Amino acid sequence: MDRREFLFRSACGLGALYLGGLRHAFARPVASFNAKLDFDAGHPWVKVEGPFDGTKFSGDEHRRPHDILWHLEQYIAGKGGRPSSIAESVDVLIVGGGTAGLLSAYRFRHHNFLVVEQASQFGGNARSEEYRGAAYSLGPAYVTIPDAGSELEKFYQELNLRAEAREEAPDKTRVLFGALKNLREEPGAAGESARAWEELLSRLLPNLPSLPPLSAEKEKSDALDSLTAESWLKAQGPWHPLVMEQLQLYAWSSFGGSLDEISAAQFLNFVASETRGVMAFSGGNGAITRRLYERLKEKGEHRLRAGTMVLEIKEEGGYVEVLLEDAGGSLRRIRASALVMAAPKYVARFLLKAMLPAPREAVWRELPYRAYAVANILLKEKVEAPAFDIYCLKGTVPPSPSFGRRTDRPVADFVFANWAAPDAEGPTVLTAYRPFPLDGARNFLLNPMLHDRLKAEFKADMEQNLKAMGIGPDQIAGIRIALWGHSLPLARPGYLSSAALADLGGRVGERVFLANQDNFMNPSFEACFEAAKLSWEEVCAKKLLPLG
Ligand SMILES: Cc1cc2nc3c(=O)[nH]c(=O)nc-3n(C[C@H](O)[C@H](O)[C@H](O)COP(=O)(O)OP(=O)(O)OC[C@H]3O[C@@H](n4cnc5c(N)ncnc54)[C@H](O)[C@@H]3O)c2cc1C
């Protein structure tokens, strides 16, 4: 199911709902875990040696872009100026090798394409690591179950990913509240409220508008987008505090925003898209970027270049001209018939400075992105996964954090990384999610003392969580933390119904096409898929390339 749209009718037809639903047997064969991997320097999936006792973060590689883009002219001058000649020409140049960039490249695989990625690895925040046979994600953990026969389903099949996926039905969802529980099966008010939430969705789903809205539904969709998720929930409530607590943590974990910040339209879009359950791969969504990367490499090693950073882009003489710094530190000029900008807008606005009209630049400059820390907790022994994604409840709805009011919830939820590979041997890894649902938190991530502090907080919280699951807290053998500074674009109320949304997608000039999750302010694989598809369609419609 596509998270960009409210495809409620089909979800409803299946009858499975968020905090519960009809019992479906989502039994699928799980592929053997230890597929042989072709590791190379730019691979989105790497083997790590461990033990996890260092003080280095993984995740964003922000130093180089910060240093260069903030002082671009000085930097170029220091390198001897712009090269005078064009070093290379391609049909399509894709800037950014995250999920959207790799999906774009896959669309253009029959053309003369080139993908450049500034970081040392492809994948963006959809990357994975493998420690002694245990694969885990540094970020995204799951996708929604695609509609039968949909383009998404065909894509997973084409990449042999469908057979490797393990699905979890919503009625299997567990929370950790003293012990592992299924909220809808709880006696008393908590269970009643969870079931009422489920019933509400069943009544609501057939009547919810599309997103972005079809013209006939715009009024309805705009009305929903004018509300925060919290005000929408309050109007439908009251809800038991445990249900509200889970929804608050869900909002933090999915959007890096609190219920009182996120658009009700966006929030319901996500909730609805998961009504049928979710689908996970061993190693999380890095399994998707890994497969894309490997398929694209078959088209020629030289077509995927890690450590290669684009510095500026302009259109000239019927081409796009790009200045980049290659992995060896040399400046090069490359010419392309079309360019797909798959880097996020907070970077793209620097790269497209020469082409971006001022009002559009102003829209991009103001977009809010939220930060994230993800800790992979290595356990000493193998533990069977009792469930997939587990929310950590404490019995009260945590208030939205702000500066001066820190949250007492280091971990919103955690996943058993071995859930999609139950037969895998080796240690079990738990991936614990700590979103920062407030503006400006990324500055806190630059604090040089941060590692030990974050690690101590993750450890203390996860020890308690383990204890509640009957796992000795002394089982923790090591913790590896990834930081993501601007990872989640946040759709505040009014944004998805505003004219500004149109500024995030489409084209800049005649030959630059935008494809990133932030086209829809929607942090999901499905948004990347849709963005890559739309930009590819636009390039094809404009007939900018030789027939592929
Ligand atoms: C902790 C976390 C958990 C998540 N969980 C889920 C989940 O369970 N399910 C889900 O569907 N989604 C999830 N998401 C969201 C999902 O990961 C994103 O939607 C997706 O990875 C975004 O991909 P992207 O290609 O749009 O952007 P990015 O991943 O940001 O990729 C952009 C790429 O462009 C590169 N780049 C930037 N500047 C330049 C330049 N000048 N030159 C060359 N390259 C450049 C960057 O280095 C980066 O690799 C999660 C996100 C996070 C952070």
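Values reported hereafter were calculated over all heavy atoms of this structure, with side chains retained and with hydrogens, waters and symmetry mates removed. Whatever order the structure lists ligands and atoms in, that order sets their numbers, starting from 1. Just so we're clear, the structure is a prediction, and the values are computed from it rather than from any experiment.
- Under the 6.0 Å distance and 45° angle rule, Arg127 does not count as a cation-pi partner of Phe122.
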- Query: Yes or no on salt bridge (Lys or Arg N to Asp or Glu O under 4.0 Å) for Glu168 and Arg174, after CA distance, side-chain angles and deciding distance?
  - Reply: CA-CA 11 Å; Glu168 185 173 73; Arg174 297 284 181 278; over 6 Å; no
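- With atom 38 (N) of ligand 1 as the reference point, the heavy atom nearest to it among Asn522, Val95, Leu483, Val347 is part of Val347.
- Heavy-atom contacts from other residues, nucleotides or ligands closer than 6.0 Å to NZ of Lys459 number 12 or fewer.
- On a distance-only criterion, Trp484 and ligand 1 share no N/O pair closer than 3.5 Å.
- When non-hydrogen atoms are compared, ligand 1 lies under 4.0 Å from neither the backbone nor the side chain of Pro435.
- Looking at Leu488, Asp389, Asp518, Thr308 and measuring to atom 52 (C) of ligand 1, the nearest heavy atom belongs to Leu488.
- Sorted by first and then second residue, the pairs that involve residues 337-350 and meet side chain to side chain donor-acceptor pair (under 3.5 Å), not counting sequence neighbours, are Lys345-Asp518, Lys345-Asn519, Arg349-Glu361.
- Not close to ligand 1: Asp60, with no non-hydrogen atom less than 4.0 angstrom away.
- Heavy-atom separations between Asn516 and ligand 1 include at least one value shorter than 4.0 Å.
- Residue Phe525 has at least one nitrogen or oxygen atom sitting less than 3.5 Å from a nitrogen or oxygen atom of ligand 1, judged on distance alone.
- Near Tyr372, meaning under 4.0 Å from one of its heavy atoms, ligand 1 places the atoms 1 (C), 2 (C), 53 (C).
- If you number the atoms of ligand 1 from 1 as listed, the ones under 4.0 Å from a heavy atom of Ala342 come out as 32 (C).
- Note: Phe529 and Phe155 meet the aromatic proximity criterion, with ring centroids under 6.0 Å apart.
- Taking distance alone, with nitrogen or oxygen atoms compared against 3.5 Å, Tyr142 approaches ligand 1 more closely than that limit.
- Ion pairing between a basic and an acidic side chain is recognised when a charged N comes within 4.0 Å of a carboxylate O; Glu117 and Arg64 show no such pairing.
- Of the N or O atoms in Asn125, one or more lie within a sub-3.5 Å distance of an N or O in ligand 1.
- Atom OH of Tyr75 sits in a crowded spot, with more than 12 heavy atoms from other residues, nucleotides or ligands closer than 6.0 Å.
- Atoms of ligand 1 found under 4.0 Å from any heavy atom of Ala343, numbered from 1 in the order shown, are 34 (O), 36 (N), 37 (C), 38 (N).
- At least one N or O atom of Ala100 sits closer than 3.5 Å to an N or O atom of ligand 1.
- Close contacts between ligand 1 and Pro523 involve ligand atoms 12 (N), 13 (C), 14 (N), 15 (C), 19 (O) [criterion: under 4.0 Å to a heavy atom].
- A salt bridge does not link Arg291 with Glu158: every distance from a Lys NZ or Arg NE/NH1/NH2 to an Asp or Glu carboxylate oxygen is 4.0 Å or more.
- With a 4.0 Å heavy-atom cut-off, ligand 1 is reached by the side chain of Ser487 but not by its N, CA, C or O.
- Not a single heavy atom of Pro65 sits less than 4.0 Å from an atom of ligand 1.
- Electrostatic pairing of Lys533 and Glu526 does not count as a salt bridge here, judged by no charged N lying under 4.0 Å from a carboxylate O.
- The ligand atoms of ligand 1 that sit less than 4.0 angstrom from a heavy atom of Thr99 are 20 (C), 21 (O), 23 (O), 25 (O).
- Each of the atoms 43 (C), 44 (N) of ligand 1 lies under 4.0 Å from some heavy atom of Val116.
- Distance CZ/Arg335 to CD/Glu316: 8.5 Å, rounded to 0.5 Å.
- Seen from the ring of Trp419, Arg166 counts as a face-on cation partner, given the 6.0 Å and 45° thresholds.
- Tested against Trp45, the residues Gln121, Glu130, Glu129 include a single side-chain hydrogen bond (donor to acceptor under 3.5 Å, both in side chains) partner, Glu130.
- In summary, the atoms of ligand 1 found under 4.0 Å from a heavy atom of Asn285, numbered by their order in the structure, are 9 (N), 10 (C), 11 (O).
- Using a 3.5 Å distance cut-off with no hydrogens or angles, the side chains of Trp252 and Ser258 do pair a donor with an acceptor.
- Not one N or O of Val143 is nearer than 3.5 Å to an N or O of ligand 1, by distance alone.
- Near Gly98, the atoms of ligand 1 lying under 4.0 angstrom from a non-hydrogen atom of the residue are 25 (O), 31 (O), 33 (C), 49 (O).
- With Glu61, Gln118, Met309 as candidates, the residue nearest to atom 44 (N) of ligand 1 on a non-hydrogen basis is Gln118.
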